[in-house]
K.L.:
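Before anything else, here's the structure in question.
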Amino acid sequence: MKRLLLGPSVAALTLAALPAAAQTQSEAATASVDDVIVTAQRRAESSQKVGLALTVISGETLDDRNIQTVNDLENTVPSLEVDSQLGGGQPQFRIRGVGLTDYAANNTSTVGIYVDEVAYPYGVMTQGLLYDIARIEVLRGPQGTLYGRNTTGGAVSVITKAPTDHVAAGLNLSYGSYDAAKLEGYLSGPVAENLTARLSVAAESGGAWQYHRDTGESLGDKDTKAARLRVNWTPTAQTDIDLNLHYSRDQSDGRGLRLITSPFTSGGGRVYPIDVSHRITGWGISPYFAQLIGASPNAKPFRDNEGKGVSLRLNQDLTWATLTAIASYETFDRNEFNDWDATASNEAGTFFFNDIKTSSQEVRLASPIGGRAQWLAGVYHANESVDGGFYSDFSQARNLGFYMSTTYGQKVETTGVFGNLDFRLTDRLTLVGGLRYEDETRELNNFKTEILAPNPTIRATASKSQSMREWTGKLGVEYTVSDDILTYANVSRGVKSGGFTTYNSGLPDQLEPFKFEELIAYETGVKSSFLDRRLQFNAAAFYYDYRDQQLQGVLYTQTGRVGRMINVPKSHIQGAEIEAVWRPLPNLTITQALAYKYGEYDEFFFVNATATEAAKDPVTGQYNTIVYSDRAGERLPFPKWDYKGSVAYNWQMGDWAVDAQTNYAFRDEKFSTSSNSIIDSYWLVNAGVTMRPMNGNTAFGVFVNNLTDSYSEESRNRFISAATGSPNPPRTWGVRLIYRY
């Protein structure tokens, strides 16, 4: 079934022209597509000159579309999906079907996430607000020969706005449905000779669009605060030093789930019907569990997360090369209560508590821009610790009836040495090569799963270690057909770290580490401009040879069934993408992006869950026969198609400038072997209007999200008891006031 959805969270607010006098006559007269400068290859260059699949979202576009968190990026970037499993606050990224699904916090993302060149290796660290952003660059395919960590899926690089050499200030205020309010502001300019600074702040409140099916109590209010201070010092013409201090606090409500299958009977005997209303959810908390997690006796799903960090970057012009050195330290404290059964019964309450600390250092040398040979060499080192775990409330679940605790400590040390060379054989032909060696050690210390009550029992303890020493790299060729057409072909190999399953356990086999995964990617593409650069058209096709793919699976033994991260020996993914930007008129811009991907398991001999459940002894509850099936040829669980686009038009009406925009996104059905886990395809269409005085510094906007109040889901899951879906918000609207100085 295909559904039409207008939302979520998109506002059409074109702010780039504030004030109007900043538009020159030449800018108003041209209809060419703007040249976007990126640093995807660690040097400033046009995105159209980069021989790889790359999507750039400007800060203005983020504002226009009201993209507030990384989850919203999937509605703009082709082949990208960002989900939070079971409605939790941990974004999980998938590019071209390559991504990790894991509700625990200790395993690194398959897609590398960077903020101002600093890696955020754990998905839960990326859940904060996006504010005062210069641009976001999304690279598809394995990365690692140019900077940072090694990845198989790709990289999302967030670049925040830098201090200005003149005084500038801005304020964005918005208010909308369910009393949702947001504030963003910044102040930037010179502080002293050769010293500039920029202070940015953001805060959100309200927006509770869900309600409890029994009590009517609301759920979904936001309570977030964030601040960032960037200080730039240029003591000499050859030296540039950038300090970045940042803080975030999220005390928002959690996301409620909905019952999506036939009536569910709780362990206490209550029958819950399917939730038919978009906004219905349910939750509950027992007195013991509330005391255990330090919450009130009537607590609803919540987050109390805090992130802090500092980074220092040095750029030194050595004449023969540029030296870049980056040092960073990040902490993230997670406290998050979720109700995974979506009912007032206490069958799957979960409370996560994690203390994450990461420190990293990177040093690299890059050749001057413009030579026949463009080279880069560097070293990356990181130390990471993830301590904590989670509590589970199964006190009213059938065949369980207890409270559990899982705790652990994890240490990771990673060192990578990398290099990249672009050599121009002729004015048109360039060869590209890159190489990386990575040495990583991971330790899981003092893992313990225990029943806390009513009969305290230690079910499992373990300490494990794992190491990875791998070479990866890239070979490619680029051919410039003309000034406006670039073709390229690449083959690259990437790896992603292995790790440990840190779920509730009573089975020793579950605690065995899962291996690193390997991806060999073949890609070819073209980047082009036509019609006097009014039309920009890019296309790419790829084939992935996937080895030891990491997958959230299950483990069956004679005495039980538990979740476990596993490796699929061999699979493949193939697909293609096209992106186009067309400016037929100076005041009309149309963007389009279409992506297709399809994958299958090639070697995968795994438990047949249906047959195994049928073989369970009804009296003892034990699995007398473990049945396996050859799942080679089975489709991988991700959508085949996605389509994104926008239309923006601006005109003058008397003394006012009017900007109107709509953007839309389609995501195909998300495949699953379980019919209860298939998510229907859906459309997202969004629109808004902004008006501003021609010579003023203020703008006024109105936007609407999910105009038809249609229904869609982010994810579907079954955990212990009921099958649930994590819904996207219904129709919302808002108004906005913008001021620039």
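The model shown is predicted, which means the values in this text are computed figures rather than measured ones.
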K.L.:
Using a 4.5 Å cut-off on heavy atoms from C-beta on, say whether the side chain of R249 contacts that of D304.
P.N.:
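In contact.
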K.L.:
What residue pairs, at least two apart or across chains, pass side-chain hydrogen bond (donor to acceptor under 3.5 Å, both in side chains) with a residue in residues 189-200?
P.N.:
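Residue pairs with at least one partner in residues 189-200: D132-R198, D132-S200.
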K.L.:
State yes or no: are the ring centers of Y114 and Y147 separated by less than 6.0 Å?
P.N.:
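Judged by ring-centre distance (under 6.0 Å), Y114 and Y147 do meet the cut-off.
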K.L.:
Which residues satisfy the ring-ring contact (aromatic ring centres under 6.0 Å, His included) test with F353, sequence neighbours excluded?
P.N.:
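In terms of ring-ring contact (aromatic ring centres under 6.0 Å, His included), with neighbours along the sequence ignored, F353 is linked to Y391.
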K.L.:
Can I get a per-line list of side-chain donor-acceptor pairs under 3.5 Å for residues 377-384, giving both atom names and the distance, sequence neighbours left out?
P.N.:
from : atom 1 : to   : atom 2 : distance (Å)
H381 : ND1    : T414 : O      : 3.3
H381 : ND1    : T415 : OG1    : 2.8
H381 : NE2    : N383 : ND2    : 3.1
E384 : OE1    : Y122 : OH     : 2.6
E384 : OE2    : R149 : NH1    : 2.6

K.L.:
Show, in sequence, the C-alpha distance, side-chain angles and deciding distance for L229 and H246, and conclude whether the side chain to side chain contact (heavy atoms under 4.5 Å, CB included) test is met.
P.N.:
CA-CA 6 Å; L229 175 65; H246 43 273; over 6 Å; no
K.L.:
Scan side-chain atoms only and decide if R583 and T589 contain a donor-acceptor pair under the 3.5 Å cut-off.
P.N.:
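Yes, because at least one side-chain N or O of R583 sits under 3.5 Å from a partner of the opposite role on T589.
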K.L.:
Under a 3.5 Å cutoff, is there a donor and acceptor pairing between the side chains of D250 and N305?
P.N.:
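Side chains of D250 and N305: no pair found under 3.5 Å.
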K.L.:
Any side-chain donor paired with an acceptor under 3.5 Å for S497 and E440?
P.N.:
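Judged by distance alone, the side chains do pair up.
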K.L.:
In terms of side-chain heavy atoms, does T322 have a donor or acceptor partner in D317 at a distance below 3.5 Å?
P.N.:
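Per modelled atom types, T322 and D317 side chains form no pair under 3.5 Å.
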K.L.:
Within 45 degrees of the axis of the six-membered ring of Y131 and under 6.0 Å from its centre: does R228 put its NZ or CZ there?
P.N.:
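Yes, R228 sits over the ring of Y131.
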K.L.:
Side chains of E579 and N538: do they bring a donor and an acceptor to under 3.5 Å?
P.N.:
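The answer is no; no qualifying pair exists.
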